[in-house]
Undergrad: 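After the C-alpha cells below, expect a handful of questions from me.
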Amino acid sequence: DIFEKILSLLHPFMPFLSEEIWQTIRVRQEGESLCIGQWPQSSTDNQECLNGFEAFTETVIGIRNIRKENAIANKEKLVLKVLSADGELSSYHPSVEHLGNIERTELCNEKPTGCYSFIVQGREFFIPFTEKFDVQAELKKLGDELKYTEDFLSKVLVKLQNERFVSNAPQQVLDLERKKEEDARHKIALLKTQMEALAK
C-alpha cells in the first residue's frame with residue numbers, strides 16, 4: 001500500500017517507469033492504470049513532524065549560507081555548536097550533519113566566542129571561525145546587515161503606527177507585520193551581540 005502511494009506521487013515525474021512497476025506489484029483489472037488512478041490523500045497532518053522538517057531545512061540552509069558567505073569549501077568538515085538549554089537535538093540532526101558536512105556537534109550552555117552564528121526557530125547555532133577569518137570584513141558585513149535590518153524594522157513600524165492601516169488591514173496581515181517586527185528586533189539584538197563579541 002505504501003509503495004503504491006509512492007508510485008502515485010512519482011507518476012507525474014516518471015510516468016512510464018512508475019506505471020510499469022505499479023502494474024507488476026499487484027494483480028490489476030483490465031484497463032486499470034496508474035495514470036487514471038486517484039491521487040493519494042493525507043488523512044491527518046503530523047504538525048510536530050512538519051515543524052521539525054522545517055527547522056531541519058532552515059538549519060542546513062544556515063550552514064550552507066555560512067560556507068557561501070565566507071568561502072568555506074563544501075568538502076571542509078565543520079564543528080557545529082548548538083546553544084541548548086534542554087541538551088537535546090532534533091531527530092533530524094543526523095541528516096543535518098550529513099548534508100552540512102559536520103564533523104561533530106557540541107551542545108553548549110553559553111554562547112561561544114569566535115564563531116559565525118545563525119538562528120532557527122529561536123535556537124542559536126554556531127560554527128567556529130576558520131583560519132581565513134577576517135575580523136574587520138566580518139564586522140563590516142554584520143554592520144551592513146544591521147543597517148538593513150534596522151531600516152526594515154523602521155518600515156514595519158511605520159505601517160503598524162498607521163491607524164488607518166491597523167484599522168483596515170485583515171487580522172492575518174496584522175499578525176504577519178507584528179511577526180516581522182518581532183523577528184527584526186530579535187535579529188538586531190543578535191547582530192549587536194555578535195559585533196560586540198568581535199570588537200573585544
Side-chain angles (χ1 to χ4, degrees), residues 1-14 17-18 21-22 25 39-130 132-133 138 141-142 145 148-149 152 172 175-176 178-191 193-194 197:
D1 289 340
I2 294 172
F3 197 22
E4 281 191 343
K5 289 179 181 178
I6 292 172
L7 289 169
S8 297
L9 295 171
L10 183 63
H11 187 68
F13 308 98
M14 302 178 69
L17 180 59
S18 57
I21 298 173
W22 186 84
I25 62 173
W39 189 259
Q41 298 295 317
S42 174
S43 55
T44 57
D45 290 336
N46 186 329
Q47 198 58 48
E48 183 179 351
C49 181
L50 292 174
N51 291 341
F53 187 78
E54 184 178 351
F56 152 68
T57 56
E58 289 180 16
T59 304
V60 173
I61 289 171
I63 295 169
R64 289 178 173 176
N65 283 344
I66 285 177
R67 286 186 181 277
K68 181 180 178 181
E69 292 167 5
N70 299 282
I72 303 173
N74 290 329
K75 65 181 180 180
E76 184 176 344
K77 287 190 173 295
L78 301 173
V79 173
L80 181 65
K81 297 175 182 284
V82 184
L83 188 61
S84 174
D86 55 21
E88 294 183 1
L89 293 171
S90 163
S91 58
Y92 289 97
H93 197 72
S95 297
V96 170
E97 292 187 327
H98 175 71
L99 293 175
N101 197 16
I102 300 300
E103 183 177 20
R104 69 179 185 277
T105 300
E106 299 176 358
L107 297 174
C108 48
N109 297 320
E110 297 180 355
K111 294 182 181 182
T113 58
C115 294
Y116 306 104
S117 66
F118 61 94
I119 296 177
V120 175
Q121 295 185 2
R123 173 170 276 193
E124 293 185 58
F125 294 83
F126 302 85
I127 294 176
F129 296 147
T130 60
K132 301 177 182 178
F133 179 71
E138 183 67 11
K141 186 182 77 173
L142 291 173
E145 190 173 357
Y148 172 84
T149 308
F152 176 79
Q172 185 178 1
D175 290 342
L176 179 60
R178 288 177 179 133
K179 179 69 165 58
K180 288 179 181 178
E181 178 191 1
E182 180 184 351
D183 290 345
R185 290 188 185 280
H186 188 76
K187 187 172 183 179
I188 287 170
L190 175 63
L191 289 169
T193 300
Q194 290 175 324

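We number each residue from 1, following the sequence as shown.
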Undergrad: Rounded to the nearest 0.5 Å, how far apart are CD of Glu106 and CG of Leu83?
TA: 13.0 Å
Undergrad: What closest approach, in Å, do Leu99 and Val60 show between heavy atoms, and which atom pair accounts for it?
TA: CB-CG1, 4.1 Å
Undergrad: Which is it for Glu4 and Ile25 under the side-chain contact (heavy atoms from CB on, under 4.5 Å) test, yes or no, and what are the steps along the way?
TA: CA-CA 8 Å; Glu4 281 191 343; Ile25 62 173; 3.5 Å; yes
Undergrad: Lys187 and Leu190: side-chain contact (heavy atoms from CB on, under 4.5 Å), yes or no, with the steps?
TA: CA-CA 5 Å; Lys187 187 172 183 179; Leu190 175 63; 5.6 Å; no
Undergrad: Roughly how far, to the nearest 0.5 Å, is CD1 of Ile61 from CZ of Arg64?
TA: 8.0 Å
Undergrad: For atom CG of Leu50, decide whether the heavy atoms of other residues, nucleotides or ligands shown that lie under 6.0 angstrom number more than 12.
TA: yes
Undergrad: Please evaluate residues Val96 and His93 with respect to the criterion side-chain contact (heavy atoms from CB on, under 4.5 Å), reporting the C-alpha separation (whole Å), side-chain torsions for both, the decisive distance (0.1 Å), and the verdict.
TA: CA-CA 5 Å; Val96 170; His93 197 72; 4.1 Å; yes
Undergrad: Are Phe125 and Ile63 packed together at the side-chain level, in the sense that at least one heavy-atom pair is separated by less than 4.5 angstrom?
TA: no
Undergrad: Search all heavy atoms of Leu89 against all heavy atoms of Leu107 and return the closest pair with its distance.
TA: CD2-CD2, 3.6 Å
Undergrad: Atom CD in Glu124, atom NZ in Lys81: separation rounded to 0.5 Å?
TA: 14.0 Å
Undergrad: Could you give me the CA-CA distance, side-chain angles and deciding distance for Glu138 and Asn70, then say whether side-chain contact (heavy atoms from CB on, under 4.5 Å) is met?
TA: CA-CA 9 Å; Glu138 183 67 11; Asn70 299 282; 3.6 Å; yes
Undergrad: Does any non-hydrogen side-chain atom of Leu9 lie less than 4.5 Å from one of Pro40?
TA: yes
Undergrad: Output yes when Arg67 and Glu76 qualify as a salt bridge under the 4.0 Å nitrogen-oxygen rule, no when they do not.
TA: no
Undergrad: Taking everything shown except Gln172 itself, do over 12 heavy atoms lie less than 6.0 Å from its CD?
TA: no
Undergrad: Side chains of Asn51 and Glu48: closer than 4.5 Å at any heavy-atom pair?
TA: no
Undergrad: Working to the nearest 0.5 Å, report the span between CZ of Phe118 and CD1 of Ile127.
TA: 5.5 Å
Undergrad: Would you call Glu181 and Arg185 a salt bridge, taking side-chain N to carboxylate O under 4.0 Å as the test?
TA: yes
Undergrad: CD1 of Ile188 to OG1 of Thr193: how many Å apart, nearest 0.5 Å?
TA: 11.5 Å
Undergrad: Can you classify the ring geometry of Phe53 versus Tyr92 as parallel (below 30°), tilted (30 to 60°) or perpendicular (above 60°)?
TA: perpendicular
Undergrad: If I compare all heavy atoms of Leu7 with all of Ser18, which pair ends up nearest, and what's the gap?
TA: O-CB, 3.9 Å
Undergrad: So Tyr148 and Phe152, would you call those rings parallel, tilted or perpendicular, with 30° and 60° as cut-offs?
TA: parallel
Undergrad: Could you pull out all residues at least two apart from Phe126 that satisfy ring-ring contact (aromatic ring centres under 6.0 Å, His included)?
TA: none
Undergrad: Should we say atom NZ of Lys141 is surrounded by more than 12 heavy atoms from elsewhere, each under 6.0 Å from it?
TA: yes
Undergrad: Could you tell me which non-hydrogen atom of Ser8 sits nearest to which non-hydrogen atom of Pro12, and how far apart they are?
TA: O-CD, 3.5 Å
Undergrad: Check this for me: does any side-chain nitrogen of one of Lys179 and Asp183 sit under 4.0 Å from a carboxylate oxygen of the other?
TA: yes
Undergrad: Can you tell me how far the OG1 atom of Thr105 sits from the CG atom of Leu80, to the nearest 0.5 Å?
TA: 5.0 Å
Undergrad: Does atom CD of Gln121 have more than 12 heavy-atom neighbours, drawn from other residues, nucleotides or ligands, at distances under 6.0 Å?
TA: yes
Undergrad: For Phe129, enumerate each residue passing the ring-ring contact (aromatic ring centres under 6.0 Å, His included) test, keeping only those at least two apart in sequence or located in another chain.
TA: Tyr116, Phe133
